[in-house]
Amino acid sequence: MSTASASPVGSGAEYGVRYQAELPEVMGRKLGLMDRAVEMAKGDMGTYQPTIPQQQVAPFTQQQLQAQNLVSQGIGDYQQYLDKAQTYMGPGAYQQFLNPYQDYVTSGIEEQFGKARTAQEAQGVEAGAFGGARQGLQSAELSRQQAEAVGSSLAQGYGQAQQLAGQAAQQQLGLAGQTQQMGMSDISAMMQAGAQQQGLTQQGYDEAYRRSLQQMYEPFQRMGFASDIAQGAPTSASALTMATTPQANPISQAVGAGISGLALYQGYQNAGNTAGNIVNN
(Lines give C-alpha, C1' and ligand atoms only; values in the text may rest on other atoms or scores of the structure.)
Protein backbone atom coordinates (compact mmCIF):
# COMPACT_ATOMS: atom_id res chain seq x y z
CA MET A 1 0.00 0.00 0.00
CA SER A 2 1.52 3.37 -1.03
CA THR A 3 0.44 6.72 0.47
CA ALA A 4 1.02 10.42 -0.26
CA SER A 5 0.27 13.59 1.82
CA ALA A 6 0.83 17.36 1.46
CA SER A 7 0.64 20.46 3.74
CA PRO A 8 0.68 24.14 2.60
CA VAL A 9 3.54 26.31 3.86
CA GLY A 10 2.83 29.38 6.07
CA SER A 11 -0.93 28.92 6.06
CA GLY A 12 -1.32 28.83 9.82
CA ALA A 13 -3.41 25.67 9.51
CA GLU A 14 -2.39 22.13 8.81
CA TYR A 15 -4.30 19.70 6.69
CA GLY A 16 -3.43 16.57 4.84
CA VAL A 17 -4.65 14.56 1.86
CA ARG A 18 -4.07 10.82 1.97
CA TYR A 19 -4.26 8.58 -1.08
CA GLN A 20 -4.14 4.82 -1.13
CA ALA A 21 -3.21 2.55 -4.02
CA GLU A 22 -2.75 -1.19 -4.46
CA LEU A 23 0.70 -2.62 -4.31
CA PRO A 24 2.10 -3.27 -7.77
CA GLU A 25 2.18 -7.05 -7.31
CA VAL A 26 -1.46 -7.07 -6.11
CA MET A 27 -2.56 -4.85 -8.97
CA GLY A 28 -0.66 -7.07 -11.37
CA ARG A 29 -2.53 -10.13 -10.19
CA LYS A 30 -5.85 -8.35 -10.54
CA LEU A 31 -5.01 -7.17 -14.03
CA GLY A 32 -3.99 -10.70 -14.95
CA LEU A 33 -7.29 -12.00 -13.63
CA MET A 34 -9.16 -9.38 -15.66
CA ASP A 35 -7.22 -10.22 -18.80
CA ARG A 36 -7.96 -13.91 -18.36
CA ALA A 37 -11.66 -13.14 -17.82
CA VAL A 38 -11.75 -11.18 -21.07
CA GLU A 39 -10.01 -14.05 -22.92
CA MET A 40 -12.54 -16.53 -21.55
CA ALA A 41 -15.38 -14.22 -22.53
CA LYS A 42 -14.01 -14.21 -26.08
CA GLY A 43 -14.00 -18.01 -26.11
CA ASP A 44 -10.35 -18.69 -25.42
CA MET A 45 -10.57 -21.50 -22.89
CA GLY A 46 -7.03 -22.77 -23.37
CA THR A 47 -6.73 -26.53 -23.29
CA TYR A 48 -10.26 -26.84 -21.95
CA GLN A 49 -12.77 -26.86 -24.78
CA PRO A 50 -16.29 -27.22 -23.38
CA THR A 51 -19.03 -28.76 -25.45
CA ILE A 52 -22.55 -27.50 -25.01
CA PRO A 53 -24.56 -30.56 -23.91
CA GLN A 54 -27.73 -31.58 -25.66
CA GLN A 55 -30.77 -32.32 -23.55
CA GLN A 56 -31.94 -35.84 -24.41
CA VAL A 57 -35.49 -37.14 -24.24
CA ALA A 58 -36.08 -40.78 -23.43
CA PRO A 59 -37.82 -42.55 -26.32
CA PHE A 60 -40.82 -44.84 -26.00
CA THR A 61 -39.97 -48.21 -24.52
CA GLN A 62 -40.68 -51.50 -26.25
CA GLN A 63 -43.74 -52.04 -24.06
CA GLN A 64 -45.13 -48.63 -24.94
CA LEU A 65 -44.61 -49.27 -28.64
CA GLN A 66 -46.29 -52.67 -28.31
CA ALA A 67 -49.20 -51.07 -26.47
CA GLN A 68 -49.58 -48.51 -29.26
CA ASN A 69 -49.64 -51.30 -31.82
CA LEU A 70 -52.31 -53.09 -29.81
CA VAL A 71 -54.40 -49.93 -29.85
CA SER A 72 -54.26 -49.87 -33.64
CA GLN A 73 -54.84 -53.60 -34.01
CA GLY A 74 -57.67 -53.71 -31.47
CA ILE A 75 -59.77 -50.98 -33.06
CA GLY A 76 -63.08 -52.49 -34.14
CA ASP A 77 -62.59 -55.92 -32.55
CA TYR A 78 -65.93 -55.48 -30.83
CA GLN A 79 -67.72 -54.76 -34.12
CA GLN A 80 -68.39 -58.45 -34.81
CA TYR A 81 -70.43 -58.65 -31.60
CA LEU A 82 -72.32 -55.47 -32.43
CA ASP A 83 -73.19 -56.89 -35.84
CA LYS A 84 -74.54 -60.08 -34.26
CA ALA A 85 -76.53 -58.08 -31.74
CA GLN A 86 -78.05 -56.06 -34.59
CA THR A 87 -78.97 -59.28 -36.35
CA TYR A 88 -80.70 -60.68 -33.27
CA MET A 89 -82.69 -57.46 -32.88
CA GLY A 90 -83.80 -57.38 -36.51
CA PRO A 91 -87.23 -58.46 -37.81
CA GLY A 92 -87.68 -62.19 -38.17
CA ALA A 93 -84.64 -62.92 -35.99
CA TYR A 94 -86.86 -64.81 -33.54
CA GLN A 95 -87.42 -67.58 -36.08
CA GLN A 96 -84.01 -69.11 -35.43
CA PHE A 97 -84.95 -69.36 -31.76
CA LEU A 98 -88.33 -71.08 -32.30
CA ASN A 99 -88.86 -74.33 -30.48
CA PRO A 100 -87.98 -77.04 -33.02
CA TYR A 101 -90.68 -79.24 -31.43
CA GLN A 102 -93.44 -76.67 -31.94
CA ASP A 103 -94.87 -78.63 -34.85
CA TYR A 104 -95.10 -81.73 -32.67
CA VAL A 105 -96.89 -79.72 -30.00
CA THR A 106 -99.34 -78.35 -32.56
CA SER A 107 -99.90 -81.80 -34.04
CA GLY A 108 -100.49 -83.19 -30.55
CA ILE A 109 -103.14 -80.53 -29.82
CA GLU A 110 -104.90 -81.18 -33.12
CA GLU A 111 -104.77 -84.92 -32.52
CA GLN A 112 -106.38 -84.53 -29.11
CA PHE A 113 -109.16 -82.37 -30.53
CA GLY A 114 -109.61 -84.86 -33.40
CA LYS A 115 -110.20 -87.61 -30.88
CA ALA A 116 -112.65 -85.40 -29.01
CA ARG A 117 -114.54 -84.67 -32.24
CA THR A 118 -114.73 -88.39 -33.07
CA ALA A 119 -116.10 -89.17 -29.61
CA GLN A 120 -118.60 -86.34 -29.93
CA GLU A 121 -119.86 -87.61 -33.28
CA ALA A 122 -120.18 -91.13 -31.86
CA GLN A 123 -122.34 -89.83 -29.02
CA GLY A 124 -124.53 -88.03 -31.55
CA VAL A 125 -125.07 -91.20 -33.53
CA GLU A 126 -126.05 -93.11 -30.44
CA ALA A 127 -128.46 -90.39 -29.42
CA GLY A 128 -129.88 -90.18 -32.95
CA ALA A 129 -128.84 -86.53 -33.16
CA PHE A 130 -125.97 -86.85 -35.64
CA GLY A 131 -126.14 -84.05 -38.16
CA GLY A 132 -128.61 -82.08 -36.11
CA ALA A 133 -128.40 -78.50 -34.92
CA ARG A 134 -127.17 -79.46 -31.49
CA GLN A 135 -124.46 -81.62 -32.91
CA GLY A 136 -123.41 -78.74 -35.20
CA LEU A 137 -123.13 -76.34 -32.27
CA GLN A 138 -121.00 -78.79 -30.33
CA SER A 139 -118.72 -79.35 -33.33
CA ALA A 140 -118.29 -75.60 -33.82
CA GLU A 141 -117.42 -75.07 -30.15
CA LEU A 142 -114.89 -77.85 -30.33
CA SER A 143 -113.27 -76.27 -33.40
CA ARG A 144 -113.13 -72.94 -31.61
CA GLN A 145 -111.39 -74.47 -28.61
CA GLN A 146 -108.97 -76.26 -30.92
CA ALA A 147 -108.06 -73.07 -32.72
CA GLU A 148 -107.64 -71.22 -29.41
CA ALA A 149 -105.38 -73.94 -27.99
CA VAL A 150 -103.23 -74.07 -31.12
CA GLY A 151 -103.00 -70.26 -31.24
CA SER A 152 -102.06 -70.01 -27.58
CA SER A 153 -99.36 -72.63 -28.05
CA LEU A 154 -97.95 -70.85 -31.11
CA ALA A 155 -98.05 -67.45 -29.36
CA GLN A 156 -96.22 -68.85 -26.39
CA GLY A 157 -93.57 -70.33 -28.69
CA TYR A 158 -93.17 -67.02 -30.56
CA GLY A 159 -92.88 -65.10 -27.30
CA GLN A 160 -90.19 -67.39 -26.01
CA ALA A 161 -88.31 -67.06 -29.31
CA GLN A 162 -88.48 -63.25 -29.13
CA GLN A 163 -87.21 -63.33 -25.56
CA LEU A 164 -84.32 -65.61 -26.48
CA ALA A 165 -83.43 -63.35 -29.42
CA GLY A 166 -83.36 -60.32 -27.10
CA GLN A 167 -81.20 -62.16 -24.60
CA ALA A 168 -78.80 -63.18 -27.36
CA ALA A 169 -78.57 -59.55 -28.52
CA GLN A 170 -77.82 -58.35 -24.99
CA GLN A 171 -75.20 -61.06 -24.62
CA GLN A 172 -73.46 -59.92 -27.80
CA LEU A 173 -73.50 -56.31 -26.62
CA GLY A 174 -71.97 -57.42 -23.34
CA LEU A 175 -69.24 -59.32 -25.18
CA ALA A 176 -68.50 -56.22 -27.24
CA GLY A 177 -68.07 -54.11 -24.12
CA GLN A 178 -65.97 -56.73 -22.36
CA THR A 179 -63.72 -57.15 -25.39
CA GLN A 180 -63.10 -53.42 -25.54
CA GLN A 181 -62.61 -53.07 -21.79
CA MET A 182 -60.23 -56.02 -21.47
CA GLY A 183 -58.18 -54.80 -24.43
CA MET A 184 -57.89 -51.30 -22.98
CA SER A 185 -56.97 -52.74 -19.59
CA ASP A 186 -54.09 -54.69 -21.12
CA ILE A 187 -52.94 -51.65 -23.07
CA SER A 188 -53.11 -49.44 -19.98
CA ALA A 189 -51.03 -51.89 -17.94
CA MET A 190 -48.38 -52.08 -20.65
CA MET A 191 -48.29 -48.29 -21.00
CA GLN A 192 -47.81 -47.84 -17.26
CA ALA A 193 -44.99 -50.37 -17.12
CA GLY A 194 -43.35 -48.76 -20.13
CA ALA A 195 -43.76 -45.28 -18.65
CA GLN A 196 -41.87 -46.36 -15.53
CA GLN A 197 -38.98 -47.61 -17.61
CA GLN A 198 -39.06 -44.44 -19.70
CA GLY A 199 -39.03 -42.31 -16.55
CA LEU A 200 -35.93 -44.09 -15.23
CA THR A 201 -34.17 -43.59 -18.55
CA GLN A 202 -35.12 -39.91 -18.55
CA GLN A 203 -33.71 -39.48 -15.05
CA GLY A 204 -30.40 -40.85 -16.29
CA TYR A 205 -30.41 -38.42 -19.20
CA ASP A 206 -31.24 -35.49 -16.90
CA GLU A 207 -28.43 -36.40 -14.51
CA ALA A 208 -25.92 -36.66 -17.37
CA TYR A 209 -27.12 -33.29 -18.70
CA ARG A 210 -26.75 -31.68 -15.27
CA ARG A 211 -23.23 -32.99 -14.88
CA SER A 212 -22.26 -31.78 -18.35
CA LEU A 213 -23.53 -28.30 -17.53
CA GLN A 214 -21.65 -28.31 -14.25
CA GLN A 215 -18.45 -29.32 -16.02
CA MET A 216 -18.92 -26.70 -18.73
CA TYR A 217 -19.41 -23.81 -16.27
CA GLU A 218 -16.80 -24.97 -13.77
CA PRO A 219 -13.98 -22.71 -15.15
CA PHE A 220 -16.20 -19.66 -14.84
CA GLN A 221 -17.03 -20.61 -11.26
CA ARG A 222 -13.33 -20.86 -10.44
CA MET A 223 -12.82 -17.46 -12.05
CA GLY A 224 -15.55 -16.03 -9.83
CA PHE A 225 -13.95 -17.65 -6.79
CA ALA A 226 -10.61 -16.03 -7.61
CA SER A 227 -12.34 -12.71 -8.22
CA ASP A 228 -13.92 -12.82 -4.77
CA ILE A 229 -10.50 -13.29 -3.20
CA ALA A 230 -9.01 -10.44 -5.22
CA GLN A 231 -11.78 -8.13 -4.04
CA GLY A 232 -11.18 -9.07 -0.43
CA ALA A 233 -14.50 -10.86 -0.06
CA PRO A 234 -14.60 -13.85 2.29
CA THR A 235 -14.24 -17.17 0.56
CA SER A 236 -17.56 -18.30 2.01
CA ALA A 237 -19.28 -15.80 -0.28
CA SER A 238 -18.32 -17.89 -3.29
CA ALA A 239 -19.95 -21.26 -3.81
CA LEU A 240 -20.13 -23.77 -6.63
CA THR A 241 -23.77 -24.14 -7.61
CA MET A 242 -25.26 -27.50 -8.54
CA ALA A 243 -28.25 -26.22 -10.49
CA THR A 244 -29.26 -27.90 -13.71
CA THR A 245 -29.12 -24.57 -15.53
CA PRO A 246 -26.89 -21.60 -14.61
CA GLN A 247 -28.53 -18.97 -12.46
CA ALA A 248 -26.80 -16.26 -14.51
CA ASN A 249 -24.68 -16.12 -17.60
CA PRO A 250 -21.10 -16.72 -16.36
CA ILE A 251 -19.64 -15.11 -19.47
CA SER A 252 -21.54 -11.90 -18.74
CA GLN A 253 -20.42 -12.08 -15.13
CA ALA A 254 -16.78 -12.44 -16.18
CA VAL A 255 -17.03 -9.51 -18.58
CA GLY A 256 -18.77 -7.43 -15.91
CA ALA A 257 -16.07 -8.25 -13.38
CA GLY A 258 -13.41 -7.27 -15.89
CA ILE A 259 -15.08 -3.96 -16.65
CA SER A 260 -15.56 -3.17 -12.95
CA GLY A 261 -11.97 -4.11 -12.20
CA LEU A 262 -10.74 -1.99 -15.10
CA ALA A 263 -12.68 1.01 -13.83
CA LEU A 264 -11.30 0.41 -10.34
CA TYR A 265 -7.77 0.23 -11.71
CA GLN A 266 -8.23 3.45 -13.64
CA GLY A 267 -9.44 5.10 -10.41
CA TYR A 268 -6.35 3.87 -8.58
CA GLN A 269 -4.14 5.09 -11.41
CA ASN A 270 -5.74 8.54 -11.43
CA ALA A 271 -5.42 8.74 -7.65
CA GLY A 272 -1.77 7.79 -7.82
CA ASN A 273 -1.09 10.42 -10.49
CA THR A 274 -2.79 13.09 -8.39
CA ALA A 275 -0.81 12.11 -5.32
CA GLY A 276 2.39 12.26 -7.33
CA ASN A 277 1.56 15.72 -8.61
CA ILE A 278 0.86 16.97 -5.11
CA VAL A 279 4.13 15.54 -3.81
CA ASN A 280 6.06 17.03 -6.67
CA ASN A 281 4.46 20.41 -6.09
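- With sequence neighbours excluded, the residues satisfying salt bridge (charged side-chain N to carboxylate O under 4.0 Å, His left out) with E39 are R36.
- Heavy-atom minimum distance, G157 versus L98: O-CD2, 3.9 Å.
- Remark: E25 pairs with no residue by the salt bridge (charged side-chain N to carboxylate O under 4.0 Å, His left out) rule, at least two apart or across chains.
- Screening residues 158-199 for ring-ring contact (aromatic ring centres under 6.0 Å, His included) gives Y94-Y158 as the qualifying pairs, with residues at least two apart or on separate chains.
- Under the rule for a side chain to side chain contact (heavy atoms under 4.5 Å, CB included), the partners of A58 that lie at least two apart in sequence or sit in another chain are Q198, T201, Q202, Y205.
- Scanning for side chain to side chain contact (heavy atoms under 4.5 Å, CB included) contacts around Q192 gives S188, with sequence neighbours left out.
- Every pair tested for ring-ring contact (aromatic ring centres under 6.0 Å, His included) that includes a residue from residues 170-199 fails, sequence neighbours excluded, so the list is empty.
- Taking D83 as the reference, Q79 meet the side chain to side chain donor-acceptor pair (under 3.5 Å) condition, with sequence neighbours excluded.
- Identified under the ring-ring contact (aromatic ring centres under 6.0 Å, His included) test for residues 56-85, with sequence neighbours left out: none.
- Under the side chain to side chain contact (heavy atoms under 4.5 Å, CB included) criterion, Q203 pairs with L200, not counting sequence neighbours.
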Mind listing the side-chain donor-acceptor pairs of residues 165-183 below 3.5 Å, one per line with the distance, residues two or more places apart or on another chain?
| unit_1 | atom_1 | unit_2 | atom_2 | d |
| --- | --- | --- | --- | --- |
| T179 | OG1 | L175 | O | 2.7 |

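- Residues forming a side chain to side chain donor-acceptor pair (under 3.5 Å) with Q62 (at least two apart in sequence, or on another chain): none.
- Scanning for side chain to side chain contact (heavy atoms under 4.5 Å, CB included) contacts around T106 gives Q102, E110, V150, L154, with sequence neighbours left out.
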